[in-house]
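Since the structure comes first, as structure tokens, the remarks are kept for the end.
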Amino acid sequence: MRLLFINPVVYVRQAHRARGAAIIAAPIVAMAAFGAILAGAFPVSAAHDAALGMALFACLGAIIGPFTGGNEVEWTRHLETLVRTERDRLLAILNTMEEGVAIIGPDYKIRFMNPSMVREFGEGVGSYCYKHLHGFDEPCDEMCKLPEVIRGSTERSEYDFPDGRIYDVVSSPFADSDRVPSMLSTFRNITRQKQVELELVKLNQLKSELLSNVSHELRSPLTSIKGIISSLLQEDIGWDNESRKMLLIGMSEETDRLASLVTNLLSMSKLDAGVWGPERERCSIPEIVTETLERQRWVSKNHTFETEFAPDLPEVFADSNQIKQVLVNLLENAAAYSEEGTRIVVKAKRMNNEVEVTVSDQGVGIPPQELEKIFDKFYRGTQKRRRPGGTGLGLAICKAIVLAHGGRIWAESENGRGSTFYFTLPLVQS
Ligand code: ADP
């Protein structure tokens with residue numbers, strides 16, 4: 001062990017030297033003082049004084065000598081036990097520490113690594129720190145704090161490694177057991193903490209994006225509706241029936257857009273608060289799909305909607321209102337990301353103990369690298385919507401609802417040729 005403060009031999013030797021000097025000096029001084037007092041107490045000549053003093057020294061020396069010698073051995077043993085206990089305690093701390101500890105010499109060579117450091121970076125005692133830790137061929141002036149630390153300052157820095165790990169490193173000056181001025185560094189792995197911080201920053205960004213998105217999404221249909229109402233109210237314009245109908249249809253579409261946005265926002269906050277658990281009952285998927293399509297055919301008049309249900313499709317155990325919302329979101333997306341005049345097909349079939357529902361479109365498709373992320377809250381892909389709107393909440397809501405039913409949801413897509421969204425629901429237990 002290189003650490004001076006946990007090396008009992010060195011420590012005891014130092015202590016023993018100091019103690020030895022005191023042990024030898026103390027009786028001599030005490031005896032000299034005692035002799036002088038005694039000599040002064042008797043009315044005798046100077047020669048007699050000297051002789052008497054010498055005799056007294058001899059007697060006292062004979063008494064104290066063996067006594068002090070025995071005490072010294074005991075003292076040394078006691079010190080050794082003390083230091084050994086301290087050393088064992090410090091070793092246990094170093095060995096169990098979660099932080100990595102390393103001592104690096106002025107020649108950049110690693111002199112010591114605790115087990116945690118070895119676990120994180122591999123055994124490297126004797127190697128150059130820049131090579132072993134960073135894979136550099138020479139010290140990196142920008143990153144390395146060794147010269148400053150050897151000169152006496154304590155430095156704190158963050159090391160980013162190419163594999164993504166991030167460490168908070170505190171380096172302080174340290175005299176190694178051979179008295180070579182070195183650097184003692186502790187390495188704390190803060191990768192997870194940094195990830196959480198980054199995620200929080202990202203989430204905050206997404207939230208403010210959502211806020212501005214939602215404000216925009218709320219304002220634009222309201223502006224359209226207000227515009228249409230103002231036009232209809234203009235008394236000097238004589239609207240014919242056809243024009244009036246067109247304006248009213250436009251108003252109805254904008255209201256639908258508004259309603260869908262508000263529904264999604266409400267659903268998301270209820271799901272987040274955990275107060276929107278499914279109220280399950282026996283229900284028929286063809287019925288739910290047919291009802292949902294009635295509304296959707298009206299909203300997306302220029303798409304063709306088709307259905308294909310397997311014969312004898314069993315009932316599912318689900319909350320029909322929530323499943324309708326899943327279908328509305330999938331159908332709205334299918335229409336928003338595909339050209340007018342294309343087909344949107346809803347199918348349902350039994351797969352083991354579940355019913356699998358699919359919604360397919362012939363739209364822009366989804367790039368493969370986005371397929372995993374599209375179900376994340378606030379995630380918005382790179383594809384352009386054919387119609388305005390979108391907050392990145394629709395698919396996150398679908399996922400939360402389907403998972404709450406014990407089902408699964410996923411998507412398959414061919415870029416530029418369309419997408420198919422799948423979700424499953426458990427059958428009614430017989
Ligand atoms: P948004 O409000 O942006 O539509 P969603 O959560 O509904 O949010 O969808 C997330 C992302 O998934 C969209 O931004 C889009 O990139 C992609 N997406 C969803 N449905 C489709 C689809 N049918 N075709 C192509 N891309 C889609």
Side-chain angles (χ1 to χ4, degrees), residues 202-203 205-221 253-254 256-272 289 292-293 296 299-300 302-307 322-347 357-404 408-423:
K202 232 165 101 184
L203 202 70
Q205 265 173 5
L206 283 172
K207 274 194 174 160
S208 42
E209 265 172 40
L210 172 83
L211 216 71
S212 70
N213 233 342
V214 166
S215 323
H216 174 79
E217 291 302 309
L218 286 174
R219 199 169 354 184
S220 48
E253 280 174 359
E254 293 300 329
D256 282 341
R257 208 174 124 194
L258 212 55
S260 149
L261 175 68
V262 172
T263 310
N264 270 346
L265 284 173
L266 275 178
S267 307
M268 198 44 147
S269 56
K270 280 197 275 181
L271 283 167
D272 273 350
V289 172
T292 314
L293 276 180
Q296 209 54 40
V299 176
S300 313
N302 298 319
H303 282 91
T304 311
F305 291 92
E306 290 172 15
T307 53
Q322 290 194 354
I323 301 307
K324 273 183 200 162
Q325 180 152 3
V326 172
L327 280 166
V328 166
N329 286 353
L330 294 180
L331 290 166
E332 276 186 356
N333 278 348
Y337 294 100
S338 62
E339 288 300 320
E340 289 186 346
T342 54
R343 282 190 319 143
I344 295 171
V345 184
V346 185
K347 295 183 189 173
V357 184
T358 61
V359 177
S360 310
D361 63 58
Q362 299 174 314
V364 290
I366 303 163
Q369 68 276 14
E370 290 186 16
L371 277 173
E372 281 290 308
K373 302 185 218 154
I374 53 174
F375 295 96
D376 291 350
K377 210 195 283 185
F378 307 136
Y379 181 82
R380 304 205 63 201
T382 47
Q383 307 87 294
K384 273 215 164 323
R385 280 176 82 98
R386 203 184 41 77
R387 56 168 71 166
T391 51
L393 286 177
L395 291 181
I397 291 171
C398 294
K399 182 177 171 183
I401 291 176
V402 172
L403 292 187
R408 295 167 292 126
I409 186 164
W410 70 101
E412 288 173 4
S413 183
E414 236 185 295
N415 225 346
R417 305 199 56 182
S419 314
T420 300
F421 284 81
Y422 298 77
F423 69 90

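Model, not experiment: these values are computed from the prediction. Residue numbers count from 1 along this sequence. Whatever order the structure lists ligands and atoms in, that order sets their numbers, starting from 1. Side-chain atoms are counted along with the backbone in the values below, which use heavy atoms only and exclude waters and symmetry mates.
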Nearest protein heavy-atom contact for [atom]: which residue, which atom, what distance?
{"atom": "atom 7 (O) of ligand 1", "answer": "N333 ND2, 2.8 Å"}
{"atom": "atom 2 (O) of ligand 1", "answer": "T391 N, 2.7 Å"}
{"atom": "atom 10 (C) of ligand 1", "answer": "Y379 O, 3.5 Å"}
{"atom": "atom 14 (O) of ligand 1", "answer": "G381 N, 2.9 Å"}
{"atom": "atom 23 (N) of ligand 1", "answer": "D361 OD2, 2.9 Å"}
{"atom": "atom 15 (C) of ligand 1", "answer": "Y337 OH, 3.4 Å"}
{"atom": "atom 12 (O) of ligand 1", "answer": "I374 CG2, 3.2 Å"}
{"atom": "atom 4 (O) of ligand 1", "answer": "R385 NH1, 2.8 Å"}

Output every pair passing salt bridge (Lys or Arg N to Asp or Glu O under 4.0 Å) with a member in residues 326-345, not counting sequence neighbours, ordered by first then second residue. R295-E332, E306-R343, E340-R386
Mark yes or no for whether N302, through its side chain, and G341, through its backbone, hold a donor-acceptor pair below 3.5 Å. no
Go through the steps to decide whether V345 and D361 satisfy the test side-chain contact (heavy atoms from CB on, under 4.5 Å), and finish with yes or no. CA-CA 7 Å; V345 184; D361 63 58; over 6 Å; no
Sub-4.0 Å heavy-atom approach of [X] to ligand 1:
{"X": "G365", "answer": "yes"}
{"X": "F375", "answer": "no"}
{"X": "G392", "answer": "yes"}
{"X": "L393", "answer": "yes"}

Close-contact set for ligand 1 against L395 heavy atoms, below 4.0 Å: 5 (P), 6 (O), 7 (O), 9 (O), 10 (C), 12 (O), 19 (C)
Where ligand 1 meets R380 - atom numbers and elements under 4.0 angstrom, heavy-atom basis: 3 (O), 14 (O)
Heavy-atom nearest pair, T382 first then P367, reads OG1-CG, 4.0 Å
Of all heavy-atom pairs linking Y337 and Q383, the shortest is CE2-O, 4.0 Å
When the ring planes of F421 and F375 are compared, do they come out parallel, tilted or perpendicular, using 30° and 60° as the limits? perpendicular
Go through Q325 and S267 one step at a time and tell me if the side-chain hydrogen bond (donor to acceptor under 3.5 Å, both in side chains) criterion holds. CA-CA 9 Å; Q325 180 152 3; S267 307; 3.0 Å; yes
State whether the shortest distance between N or O atoms of Q383 and N or O atoms of ligand 1 falls below 3.5 angstrom. yes
Test log, rule side-chain contact (heavy atoms from CB on, under 4.5 Å), inputs V262 and L218: CA-CA 9 Å; V262 172; L218 286 174; 4.2 Å; yes
Any carboxylate oxygen within less than 4.0 angstrom of a Lys/Arg side-chain nitrogen, looking at E254 and R257? yes
Let me see the working for K377 and L393 under side-chain contact (heavy atoms from CB on, under 4.5 Å), right down to the final yes or no. CA-CA 6 Å; K377 210 195 283 185; L393 286 177; 3.9 Å; yes
